[in-house]
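Letters A, B, ... are given to chains in the order of the sequence lines, protein chains preceding strands, and every chain is numbered from 1.
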4 protein chains.
Amino acid sequence: MAGTEVRTAPEVAETVPQRLLAAATRLFAEHGFETTSVQQIVDAAGVTKGAMYHYFGSKDDLLHEIYARLLRVQTARMEQEAAGDSPVADRLHAVAADVVATTAANLDDTVIFFRSMHLLHPDKRAEVRAQRRRYHERVRALIEEGQAAGVFRADEPAELVVDFFFGSVHHLGTWFRRDGELTGEQIGEHFADLLLASLRP
Amino acid sequence: MAGTEVRTAPEVAETVPQRLLAAATRLFAEHGFETTSVQQIVDAAGVTKGAMYHYFGSKDDLLHEIYARLLRVQTARMEQEAAGDSPVADRLHAVAADVVATTAANLDDTVIFFRSMHLLHPDKRAEVRAQRRRYHERVRALIEEGQAAGVFRADEPAELVVDFFFGSVHHLGTWFRRDGELTGEQIGEHFADLLLASLRP
Amino acid sequence: MAGTEVRTAPEVAETVPQRLLAAATRLFAEHGFETTSVQQIVDAAGVTKGAMYHYFGSKDDLLHEIYARLLRVQTARMEQEAAGDSPVADRLHAVAADVVATTAANLDDTVIFFRSMHLLHPDKRAEVRAQRRRYHERVRALIEEGQAAGVFRADEPAELVVDFFFGSVHHLGTWFRRDGELTGEQIGEHFADLLLASLRP
Amino acid sequence: MAGTEVRTAPEVAETVPQRLLAAATRLFAEHGFETTSVQQIVDAAGVTKGAMYHYFGSKDDLLHEIYARLLRVQTARMEQEAAGDSPVADRLHAVAADVVATTAANLDDTVIFFRSMHLLHPDKRAEVRAQRRRYHERVRALIEEGQAAGVFRADEPAELVVDFFFGSVHHLGTWFRRDGELTGEQIGEHFADLLLASLRP
DNA sequence: AATGAATGAGTTTTCATTCAT
DNA sequence: TATGAATGAAAACTCATTCAT
């Protein structure tokens, strides 16, 4: 599937804030948020500190923007897949496969997400959490729809199934390699198959 | 199942290193490794910095010991469960349910584990990684055993199934609450059921 | 001889790095490198620690710069004196008298030099050593020139004579007093006389 | 000349204080006084900190004892040589050659001496200085004796000649190597020759 | 829009020394 | 005689952020 990746080649041309965001993403994923200094970010982006503070209020803002960007992309894609009028099992399969592929394609963002959420300012963190919860709820609704229709087994709480599945997805960052045996799309197929299989009545 | 928790009430009596480890675990889980100062740890443990550096070479060592402790406990329990002579499906179910319960019982350690691994000194990190890999491999062997016996479907790579399942387990830290609706044991049953269901031929 | 001193009144106006270097030189000479804290240096220079680390990478760098500065001055002067076309004995006498005077004029630097070289980072130390060796070699060449010409006795190894003489010079720091009976220039004359006398065939 | 060295093989058998002193001497010479920790010393000596503080009041005491030991040896040897009834030129030559050889034989002590004197407690430092001054004065008396007798030139202040010569000697530590071309005794001969030559009327 | 010198509060770590045993 | 756990004060260094230009 084309266009799963949020951005293209980083640190070339583009605008200053884009270069900064790209540099920050790469460095945060590689060394961690706390271990990356603002100096390192601006050096990598080829600008100075003053420039960074011109576009971003703080180092924290950079982190928040990375989160917001990822959530925007994933939410948009998911809502499109979930809203179709094919059978619910097919739609859940498509959503599941796609979130895996998108996650793999934006692995840096995901790695940062689950590693550094606790470092975000409480207000911004609450905002991000709320957005993510909406995402989860939309997927839970799909499962409940299938359970109500008798297509999925009803003896497993839908909420738990969502946590079960997204746990797997969010943990991709610890083992997925872009140069590994399977592509993100292939893993998405497998994960979606496993999910659907576990829901067979 | 009784005794899933590694230690009892923290910061009381016990030895100085134990108190330090308990305080560090709680604080790292609550505020993050980088955001917790050595001063905060020793204050919480009721000792001085000198005492800490008498027992631990560095703040990093504290982190490493938390990892080693969790891995010791989980590996020991898993190996016992996996080695039984009941049917492979039963053994996998027991292992799966138990790792979930143990993880829930030692949630702080788990949260720290996946959030802060990247901050560990490379040498120690390699050590921890190797130990964790052995753990994964043992579980994969169990799945392969079931696949060879025709009890589990063989069209899903065992390796991928392990990553799928442990992703879910390791992500417990982001949503499990001790005072939530379900206990760690109950969640363990559900997760084990889902795993086994997804492996039905 | 005028202008033997490297710098003028310390800690006034000038640039921040100059003020830092002047303060560090004085304090290192007075209390020793290890016994002088960075805080003391920046207090004496009237700046903050951050400012110091803006200009110097480390406390070590300060030490290194003191060495480099002294070597630059002495090397430049010596090469000029040695290159003249007066008789070799006259040139050696001039070089010898001058190095004594320069050393006396920059006594703090010299004291620090021989007391704290071993505390310098190995890489920087090697650099300083190499530079000093070139200095020695130039002087040895002068002696050998005189020996070849029959002006100096040839039964004493030139290398040893250099070590003999520079030992005396470098030790000025332990006994020379600016308010003593003899000026640096006067001592330089005496030392040069003694050197030349010891080389009489 | 035999017996120029103060002690024999270090760190074997001997008494605990001797082992401590030997270890401290070696470490101070190698890494510097401030850079050597008490822990390193007791480790090298194979004892514990408690033991060290049983025999020595402080780390400073160790340094002081190293100084006292060297001064005792050199003073004793020098007084013996100076007191003979051979011609004054011969006696000065013997004293000069001997102090070089002794210094070379106890190079660690000498290196420490001139590098770390300023770190000694003021009281102890004053004591050491006084003792060293007496040493210088005895040698100066020898030179004055020769000048009065017309054997040495009288146009160079005896005091300055002493500083000139001892500077060379005390700086041996920066270049003398036990495995170099010349032995300490050979260098002693050369240095004594140079000294006497420079004093020829 | 952008610079970069300067701040100041904070960090981890070291270490000589003490003292109950 | 000797141990080694524990202290407490001080050290070097870092870094997000500000601000005059």
For atom [atom1] of [X] and atom [atom2] of [N], their distance in whole Å:
X: B:F56; N: E:dT12; atom1: CZ; atom2: C1'; result: 16 Å
X: A:H121; N: F:dA16; atom1: NE2; atom2: P; result: 18 Å
X: C:H31; N: F:dA11; atom1: NE2; atom2: C1'; result: 17 Å
X: C:L27; N: F:dA12; atom1: CG; atom2: P; result: 12 Å
X: D:I41; N: E:dT17; atom1: CD1; atom2: C1'; result: 13 Å
X: A:L20; N: E:dT3; atom1: CG; atom2: P; result: 10 Å
X: B:D61; N: E:dT12; atom1: CG; atom2: P; result: 14 Å
X: D:D43; N: E:dA16; atom1: CG; atom2: P; result: 12 Å

Residue [X], side-chain heavy atoms: nucleotide from [options] that is nearest:
X: B:V38; options: F:dA2, E:dT3, E:dT13; result: E:dT13
X: B:H54; options: F:dA6, F:dA16, E:dG8; result: F:dA6
X: D:T48; options: F:dG8, E:dC15, F:dA2; result: F:dA2
X: B:K59; options: E:dT12, F:dA16, F:dG4; result: E:dT12

Decide yes or no, distance alone: a donor-acceptor N/O pair under 3.5 angstrom between the base of E:dT13 and the side-chain of B:K49. yes
Return the 5'-most residue of the pair C:E34, C:G50 with respect to DNA chain F, ranking by each residue's nearest nucleotide. C:E34
Pick the closest DNA chain F nucleotide for A:T36 and for B:M52 by heavy atoms, then say which residue is nearer the 5' end. B:M52
Please round to the nearest 0.5 Å and tell me the distance separating atom NE2 of D:H31 and atom CD of D:Q40. 7.0 Å
C:Y53 side-chain N/O to E:dA6 phosphate OP1/OP2 under 4.0 Å: no
N or O in side chain of B:Y55 less than 4.0 angstrom from F:dA6 OP1/OP2: yes
Under a 3.5 Å cut-off for both distances, is F:dT3 Watson-Crick or wobble paired, and to whom? E:dA20
Does the structure show a Watson-Crick or G-U wobble partner for E:dA1, both distances under 3.5 Å? Name it, or say none. none
Between A:E65 and A:R72, is there a salt bridge with N-O shorter than 4.0 Å? yes
Between C:L120 and C:F33, is there a side-chain heavy-atom distance shorter than 4.5 Å? no
Please compare B:Q40 and C:V47 by the position of their nearest nucleotide in DNA chain E and report the one closer to 5'. C:V47
Return whichever of D:D60 or B:S58 has its heavy-atom-nearest nucleotide of DNA chain E closer to the 5' end. B:S58
Under 3.5 Å donor-acceptor, B:Y67 side chain and B:I112 backbone: yes
Any donor-acceptor pair under 3.5 Å from C:S116 side chain to C:L119 backbone: no
Out of the candidates C:I41, C:T35, C:D109, only one should pair with C:F28 under the side chain to side chain contact (heavy atoms under 4.5 Å, CB included) rule; please name it. C:I41
